[in-house]
Each structure stands twice: as structure tokens, then as C-alpha cells.
Amino acid sequence: QVQLVESGGGSVQAGVSLRLSCVASGPSFISYSMSWFRQAPGEEREFVAGITWNGGTILYADAVKGRFTISRDNALQTVYLQMNNLIPEDTAVYYCTALFSAVVVTRVEDYNYWGRGPQVTVTS
């Protein structure tokens, strides 16, 4: 069983940066690929970025490529999402997820564990 606790959300103006953190508790953190999803009001939850246990595979949604960076520190059991040059379209609740797998997948229904999700609001 993995528990995920996110931090780092907030309300910012367009163009600035935020970093989200997600601390995982439970055994075998390196057995999990870790991802971030987001859900805007009235929209489906969507994949943002994912990383395998050793960072060998990293995937990004097209909407965030070049602006967001996902990383992980296995010693701290933490995954990060660095979000630069934020735009109003990035406004959403951001969820940290874990999948007991050596690969990253982008489908919501494949993920086993979810955090509660910090709100990120970007104003123009």
C-alpha cells in the first residue's frame, strides 16, 4: 500500500513557476513508476508527466512539454513537478499517482494510488 501526499500548489500569475512535491510512504518506492495528472473544472482527468523508477523513461503531455519537468528522489521517496512559464490553461487540481510497474502509462484507469491533489490556479 502506498500513500501519497502532495504539496506546493497555489495561486499565481501567468509566467511564474511552481514546484509540486509528492512524498510517498510505504515500501518499495522504486517498484513504482510515478506520474502527475491534472483535472480542470468540468474536464476529464488528464496525464501530465510520468517517470520510471530510475528516470530512464520520462513522458510529457504535449501541452506541458518544454515547460514542466518531472523528477524523483528515490532516497527521499519523493517525486517533483517543476512547472515553469505557467499559463491560465494550467489551472487544475494536480494529482500525484503511483503505478506498481516498470513502465509509465498514461491512462487514468491504470493507476493504483492517488494523492488528494493540490489546486494550482494561474491568472492572467
Side-chain angles (χ1 to χ4, degrees):
Q1 190 80 3
V2 175
Q3 293 184 320
L4 305 171
V5 179
E6 304 105 327
S7 61
S11 182
V12 298
Q13 288 193 318
V16 303
S17 300
L18 278 178
R19 189 176 80 158
L20 304 181
S21 300
C22 172
V23 179
S25 61
S28 304
F29 180 68
I30 62 171
S31 297
Y32 294 84
S33 65
M34 302 295 296
S35 295
W36 291 91
F37 281 71
R38 67 185 182 185
Q39 188 166 18
E43 301 291 332
E44 298 288 320
R45 194 169 297 189
E46 64 177 4
F47 175 82
V48 174
I51 185 170
T52 51
W53 74 276
N54 62 351
T57 298
I58 294 176
L59 299 180
Y60 294 102
D62 288 343
V64 307
K65 278 181 184 175
R67 299 188 298 118
F68 289 13
T69 302
I70 188 172
S71 61
R72 65 189 289 167
D73 186 328
N74 290 334
L76 297 178
Q77 298 203 167
T78 301
V79 62
Y80 305 97
L81 186 68
Q82 177 67 42
M83 305 185 293
N84 297 331
N85 192 22
L86 284 160
I87 59 178
E89 290 75 14
D90 295 321
T91 295
V93 176
Y94 282 71
Y95 297 93
C96 175
T97 71
L99 177 64
F100 188 75
S101 174
V103 300
V104 174
V105 297
T106 62
R107 299 195 318 165
V108 171
E109 55 267 34
D110 289 329
Y111 282 85
N112 311 111
Y113 305 102
W114 295 84
R116 297 187 67 178
Q119 173 72 44
V120 173
T121 301
V122 184
T123 57
S124 57

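What you are looking at is a predicted structure, and each value in this text was computed from that prediction instead of being measured.
Between Glu43 and Gln39, the shortest heavy-atom distance links the atoms O-NE2, 3.1 Å. Pairing each heavy atom of Ala40 with each of Ala92, the nearest pair is N-CB, 3.8 Å. Residues Phe29 and Asn74 come closest through the heavy atom pair CE2-OD1, 3.2 Å. Smallest separation of non-hydrogen atoms from Met34 and Ala98: SD-CB, 3.6 Å. What you find for Pro27 and Tyr32 is that their closest heavy atoms are O-CE1, 3.9 Å.
Listed for the Thr57 side chain is no donor-acceptor partner under 3.5 Å among the backbone atoms of Thr52. A donor-acceptor pair is defined here as one N or O able to donate and one able to accept, closer than 3.5 Å; such a pair exists between the side chain of Thr91 and the backbone of Val122. Judged by distance alone, with hydrogens and angles left aside, the side-chain atoms of Thr97 form a donor-acceptor pair with the main-chain N or O of Ser35 at under 3.5 Å.
Through chains of ILVMFWY side-chain contacts below 4.5 Å, Ile30 is grouped with Trp53. Taking Ile, Leu, Val, Met, Phe, Trp and Tyr as members and joining any whose side-chain heavy atoms lie under 4.5 Å apart, directly or through other members, the hydrophobic cluster of Val108 also contains Phe37, Phe47, Leu59, Val93, Tyr95, Leu99, Val103, Val104, Val105, Tyr111, Trp114.
Residues passing the salt bridge (charged side-chain N to carboxylate O under 4.0 Å, His left out) test with Asp73, sequence neighbours excluded: none. Partners of Glu89 by salt bridge (charged side-chain N to carboxylate O under 4.0 Å, His left out), not counting sequence neighbours: none found. Partners of Arg67 according to the side-chain hydrogen bond (donor to acceptor under 3.5 Å, both in side chains) rule, which considers only residues two or more places apart in sequence or in another chain, are Asp90.
Annotation: the span from Thr69 atom OG1 to Met83 atom CE amounts to 11.0 Å, rounded to 0.5 Å. The line from CZ of Phe100 to OG of Ser31 is 4.5 Å long, rounded to the nearest 0.5 Å. Atom OG of Ser21 is separated from atom CZ of Arg72 by 14.0 Å, given to the nearest 0.5 angstrom.
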Please list every donor-acceptor pair under 3.5 Å in which a side-chain atom of residues 3-18 meets a protein atom from a residue at least two apart or in another chain.
unit_1: Glu6; atom_1: OE1; unit_2: Arg116; atom_2: N; d: 3.0
unit_1: Glu6; atom_1: OE1; unit_2: Gly117; atom_2: N; d: 3.0
unit_1: Glu6; atom_1: OE2; unit_2: Cys96; atom_2: N; d: 2.8
unit_1: Glu6; atom_1: OE2; unit_2: Gly117; atom_2: N; d: 3.3
unit_1: Ser17; atom_1: OG; unit_2: Asn84; atom_2: OD1; d: 2.9

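Test Val79, Val64, Val48 against Ile70 for side-chain contact (heavy atoms from CB on, under 4.5 Å) and you get one pass: Val79.
Side-chain heavy atoms closer than 4.5 Å link hydrophobic residues (I, L, V, M, F, W, Y) into clusters, and following such links, possibly through other members, connects Trp36 to Tyr60.
In this structure the side chain of Leu81 never reaches within 4.5 angstrom of the side chain of Arg38, judged on heavy atoms.
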